[in-house]
Amino acid sequence: MDNPVSLRRDGNVAIITVDNPPVNALRHGVRKGLFECFTQARDDASVEAIVVTGAGRTFVAGADITEFGKPSQPPGLMDVISLIDDISKPTIAAVHGTPLGGGLELTMGCHFRVAAAGTRLGLPEIKLGLIPGAGGTQRLPRLVGVEKALPMILSGDPIPAKDALAAGLVDEIVEGDLVTGAVAFARKVLAEKRPLTRVKDREEKLKNIRANPQKFDEIVAQHAKKTRGLHAPAAAIEAIRMTLDTPIDEAQKKERELFLKLVVGDQSKAQRHIFFAEREAAKVPGIGKDVAPREIKRAAVIGAGTMGGGISMNFANVGIPVTIIENDEAALKRGMATIEKNYQMSVQRGSLTPENMGKRLALFNPTTDLNALKDADIVIEAVFENMPVKKELFGKIEKIAKKGAVLATNTSYLNVDEIAQVTSRVPDVLGMHFFSPANVMKLLEIVRGKDTAPDVLATAMAVGRKINKVPVVVGVCHGFVGNRMLSARGIEAEKLLLEGALPQDVDGALTEFGFPMGPFAMSDLAGIDVGWRSRKERGVRAEIADTLAEAGRFGQKTGKGFYLYEGRSPRPDPEVEKLIVDASVRLGVTRRNVSKEEIIERLIYPMVNEGARILEEGIATRPGDIDVVWLYGYGFPAWRGGPMHWADTVGLKKIRDRLRQLARESGDKRHEPAALLNKLADEGGTFADYARQKAA
Ligand code: 3H9
């Protein structure tokens, strides 16, 4: 029997418990159960107060996201809240874990809120391309004021219970058993005959802003930063603005309309896709819950350069001691100085206390002695990207590392199986590919070797989560998922320059699309010399990038690359334009106007094609995994859902046909559509269909 909400009694107090694992989401059965239980408690004359709480790890964490886009079944959450609103007995929400979204809205329908210590409360709808749709935009400002509510709603970030108490969002923090504390609180309210003011009637915290409505725009200006191209933040601001002058019932209706418009929109669909894709990516075929990860108490990172330094910071940040190893003292010193500087910057920004900086630095063991890795449970190699160098190093590592240690390489392109082969413990070896800056970027590609042991893979996944990364398992191939697709994009970007576009045209089209930066600005940031060296090794040439590198224009670090730099901001350079035009002439290419639309098609369709090949070859498990890689590793806009989801919205037939045309016109075989893309295009299918069929 579907009975996710129950009612029990503690004397004169009714206790309503939501029990809908894992996060007590408000699916239809829960809303119905809440409606029935509140009605029953309201109508029972022997009940004098009502407590609502959640079983398991959290109070209600929001609406059930899987129900969005399906026909809604009454009662809606707003019906439940309206019912509670009209109850004249004290109603108390007793919350723990993460009361979020609709869950927090439910609590704001009650007269009072008590929270367990450690609770985090928030309205994260914005992260799903939505706004709170059950009164949140009206009630939160009434409880905490617009100054606090607006940033909470626009960021979607939850706040800890003690801040919620200080702000007036909760009335008491309960130490010890939550429900016992809530019942005691209810009795106190009854004994003291506290007035039962509904949240919807509280106007106190709005008085100030209503008297100075121009302050609203000042608050908006402080917080509405990264909203370019996004619909939800604008809607949230519009809804919150109504607290200034619109009666709450009318404002809630309008809020609902805004919510419903967003829910059917492409942006929210894309962001919901990412929410689930990220969680799916954590599930690795063949690695069930029965595969226990190995215990990781100490880490060692070899290489104190930009990557090694960033990687080791991740460990220290979560309290894991890390040995960082370099060849010589000078390089080690430089590496440690950079790490210290990075922490210092966090202290200056206020995101880290000097005390915690000290604690983190104390976890580092910098050394030039490779033998120091002998105590590490995980060893991550982050040295120069060169196969012979890595092989030689792994030969040494395996002689020193303790039995059972996970041996990882941070290679971004090389064959992990080949590296593993030089050791006598192939199953312990895998790739852990971090993205620069490694202490900031969320993505972690975990490269599963042909013979990597299941528990080694499970360990890498667990470590990834522990150090706050989004781990995605990928297979062995040149560049794995992210860089392999990036290279497809890079080749086209170069071609576009030769055909008529300038770096600022290409980068401009991509930033307008939603990327934080385009390929040429990115190249300047990473250093043009990096790709140049690797191409030289492989005997390939990128005409323009290589000409720039040969002229000593390495990008930001030399003040010149595809752009000119004063500080970090790029400026188009007439010299580069001349160099590009000369290259076109030299190669006999007639320059023409290249439209923004063509730039997007030429850059992203080949990525989609490469993504389809990656799926065919089993390098990625699901299209959603590829989307997660591109979102967290390369800044693909979340509201477009990643390249594969975006391709579905464009239409796979359209993409396939355009790729065919490109292949014909350019003679470039890489544009020939992948078999999977052809099949789906012929069937009128999508990558989402493919994912569903594969999962079934
Ligand atoms: C909303 O409330 C709109 C209202 O304003 C208006 C309504 C009218 N629904 O993340 P985890 C699943 S919008 C359905 O791994 P954690 C999740 O997919 C909603 N499913 O755990 C996963 O499934 P699986 C506002 C959900 O401990 C499992 O639960 N609320 C939902 O790391 C465990 O999740 C939010 O946006 C959901 N709402 O983190 C909160 N939430 O095991 C979204 C989770 O099959 N949720 N699942 O892969 C979260 O932020 C995190 O899940 C949470 C727990 C912090 C709660």
Side-chain angles (χ1 to χ4, degrees), residues 4 18 20-31 34 54 56-82 95-109 118-140 149 152-153 155-160 232 235-236 239-240 252-253 255-264 268-269 271-284 288-289 461-462 464-466 468-471 622 624-625 628 638 695:
V18 179
N20 180 37
V23 298
N24 287 324
L26 289 160
R27 66 179 166 85
H28 172 245
V30 173
R31 300 192 306 270
L34 281 167
R57 67 203 227 206
T58 180
F59 186 73
V60 174
D64 186 334
I65 306 169
T66 60
E67 282 187 351
F68 290 162
K70 296 178 187 156
S72 71
Q73 280 178 280
L77 178 57
M78 207 56 239
D79 300 326
V80 176
I81 294 172
S82 300
V95 301
H96 72 294
T98 47
L100 298 175
L104 188 63
E105 291 174 303
L106 174 65
T107 75
M108 293 192 290
T119 307
R120 296 179 65 79
L121 307 91
L123 292 173
E125 286 86 346
I126 207 95
K127 297 186 181 178
L128 299 169
L130 297 170
I131 64 168
T137 64
Q138 304 307 303
R139 288 168 194 245
L140 189 62
M152 269 182 81
I153 293 171
S155 71
D157 294 334
I159 59 170
I240 303 168
Q252 285 188 154
K253 260 192 213 132
E255 177 204 64
R256 178 93 193 135
E257 281 167 25
L258 289 167
F259 172 86
L260 289 175
K261 202 165 143 200
L262 290 168
V263 119
V264 294
S268 176
K269 279 184 198 158
Q271 285 176 260
R272 272 141 49 200
H273 159 73
I274 286 295
F275 176 85
F276 289 114
E278 196 183 318
R279 280 152 184 87
E280 272 301 294
K283 294 166 196 154
V284 187
K289 287 210 164 68
M461 292 295 282
R465 276 193 295 272
K466 168 97 186 164
N468 297 312
K469 300 292 168 194
V470 179
R622 330 161 177 88
D625 289 11
V628 171

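Ligands are counted one by one from 1 in listed order, and the atoms in each one are counted from 1 as well.
Residue contacts with ligand 1: Gly133 is placed with a nitrogen or oxygen under 3.5 Å of a nitrogen or oxygen of the ligand (distance criterion only). Residue Gly102 places at least one N or O, backbone or side chain, under 3.5 Å from an N or O of ligand 1.
In this structure, atom 32 (O) of ligand 1 has its sub-4.0 angstrom surroundings free of protein heavy atoms. In this structure, atom 23 (O) of ligand 1 has no protein heavy-atom contact shorter than 4.0 Å.
Atoms of ligand 1 lying under 4.0 Å from any heavy atom of Glu105, numbered from 1 in the order shown and given with element: 4 (C), 5 (O), 6 (C). Close approach of ligand 1 to Pro132 (heavy-atom distance below 4.0 Å) involves ligand atoms 5 (O). Of all atoms in ligand 1, numbered sequentially from 1 with element shown, those under 4.0 Å from a heavy atom of Phe276 are 18 (O). Numbered from 1 in the order shown, with element, the atoms of ligand 1 that lie under 4.0 Å from a heavy atom of Gly101 read 2 (O), 25 (C). Atoms of ligand 1 found under 4.0 Å from any heavy atom of Pro22, numbered from 1 in the order shown, are 28 (C), 29 (O). Close approach to Glu125 involves these atoms of ligand 1, each under 4.0 Å from a residue heavy atom: 1 (C), 2 (O), 3 (C), 4 (C), 5 (O), 13 (S). For ligand 1, the atoms closer than 4.0 angstrom to any heavy atom of Arg256 are 8 (C).
Ranked by closest heavy atom to atom 35 (C) of ligand 1, the top entry among Gly62, Ala282, Pro124 is Pro124.
Counting non-hydrogen atoms of other residues, nucleotides and ligands closer than 6.0 Å to NZ of Lys127 gives a total above 12.
Residue contacts with ligand 1 for Leu128 involve side-chain atoms from C-beta outward but no N, CA, C or O (heavy atoms, distance under 4.0 Å). When heavy-atom distances to ligand 1 are checked against a 4.0 Å cut-off, Val23 comes that close only through its side chain, counted from C-beta outward. Heavy atoms from both the backbone and the side chain of Ala63 come within less than 4.0 Å of ligand 1. Residue contacts with ligand 1 for Thr98 involve side-chain atoms from C-beta outward but no N, CA, C or O (heavy atoms, distance under 4.0 Å).
Scanning all protein heavy atoms for the shortest distance to atom 45 (O) of ligand 1 gives Lys283 NZ, 3.4 Å. Taking atom 14 (C) of ligand 1 as the reference point, the nearest protein heavy-atom neighbour is Asp64 OD1, 3.3 Å. Closest to atom 17 (C) of ligand 1, if we only count protein heavy atoms, is Arg279 CD, 3.7 Å. Nearest protein neighbour of atom 21 (O) of ligand 1, counting heavy atoms only, is Arg57 NH2, 2.8 Å. For atom 30 (N) of ligand 1, the closest non-hydrogen atom on the protein side is Ala61 O, 2.9 Å.
Remark: Leu123 CG to Leu140 CG distance equals 5.5 Å, nearest 0.5 Å.
Among Leu106, Val60, Thr107, Thr58, the one residue that satisfies the side-chain contact (heavy atoms from CB on, under 4.5 Å) test with Val95 is Thr107.
Looking at Glu280 and Lys283, a side-chain N of the basic residue comes within less than 4.0 Å of a carboxylate O on the acidic one, giving a salt bridge.
Nearest heavy atoms, Arg27 versus Asp64: CB-OD2, 3.4 Å.
The cationic atom of Arg272 (NZ for Lys, CZ for Arg) does not lie both less than 6.0 Å from the six-membered ring centre of Phe276 and within 45° of the ring axis.
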